[in-house]
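Single-structure report; data block below.
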Amino acid sequence: MRLRNLAAKGIQFLGVGVSGGKEGARHGPSIMRGGPKEAYERVRPVPEAVAAGVSGDPCVTYLGPSSAGHFVKMVHNGIEYGLMQLIAETYDLMKRGLALNEDQLRAVYSEWNNGELTVT
């Protein structure tokens, strides 16, 4: 709706999702942009200059029309919050259900941190 209303006035709107938290604030965020392709190209150098980079490539891209950038950020947050809930649930299960102490919990989470988690 916003995109259409602004387009009727000759204004191009980019829906932008930004991710990175405190590290992104210090070292550059990941930037997810959506909206008219020509608007994306017009401002492309600005977000590329401030975004984090990997192997010399900026962590920013065009994701499609309308509010695609906001949508991708919303999905990213859903996954992130799901993982945080999973950590909380496993902690509770191991602490109260299995009666693991802090050293045992630390060992489990350290092992999980150093490997790939897979479902078998």
Look up atom CZ in Phe71 and atom NE2 in His76, then write down how far apart they are to the nearest 0.5 Å. 14.0 Å

Heavy-atom count check: over 12 atoms from other residues, nucleotides or ligands less than 6.0 Å from Glu111 CD? no

Interatomic spacing from CD1 in Ile31 to OG1 in Thr61 - rounded to 0.5 Å: 11.5 Å

Using a strict 4.0 Å threshold on nitrogen-to-oxygen distance, state whether Glu41 and Arg44 make a salt bridge. yes

Excluding sequence neighbours, so at least two apart, what forms side chain to side chain contact (heavy atoms under 4.5 Å, CB included) with Met94? Thr90, Leu98, Leu100, Leu105, Val108, Tyr109, Trp112

How about Gln12 and Arg42: do any of their side-chain heavy atoms sit closer than 4.5 Å? yes

Using modelled atom types and a 3.5 Å cut-off, is there a donor and acceptor pairing between side-chain atoms of Tyr40 and backbone atoms of Gly64? no

In one Ile/Leu/Val/Met/Phe/Trp/Tyr side-chain cluster, 4.5 Å: Val60, Val18: yes

SG (Cys59) and NE2 (His27) are apart, to the nearest 0.5 Å, by 13.0 Å

To the nearest 0.5 angstrom, please state how far the CZ atom of Arg106 sits from the CG atom of Asp103. 4.5 Å

Lys/Arg N to Asp/Glu carboxylate O, Lys95 vs Asp92, below 4.0 Å: no

For the CG atom of Leu63 and the CG atom of Leu14, what is their distance to the nearest 0.5 Å? 11.0 Å

Does any donor atom in the side chain of Asn77 or Lys73 lie under 3.5 Å from an acceptor atom in the other side chain? yes

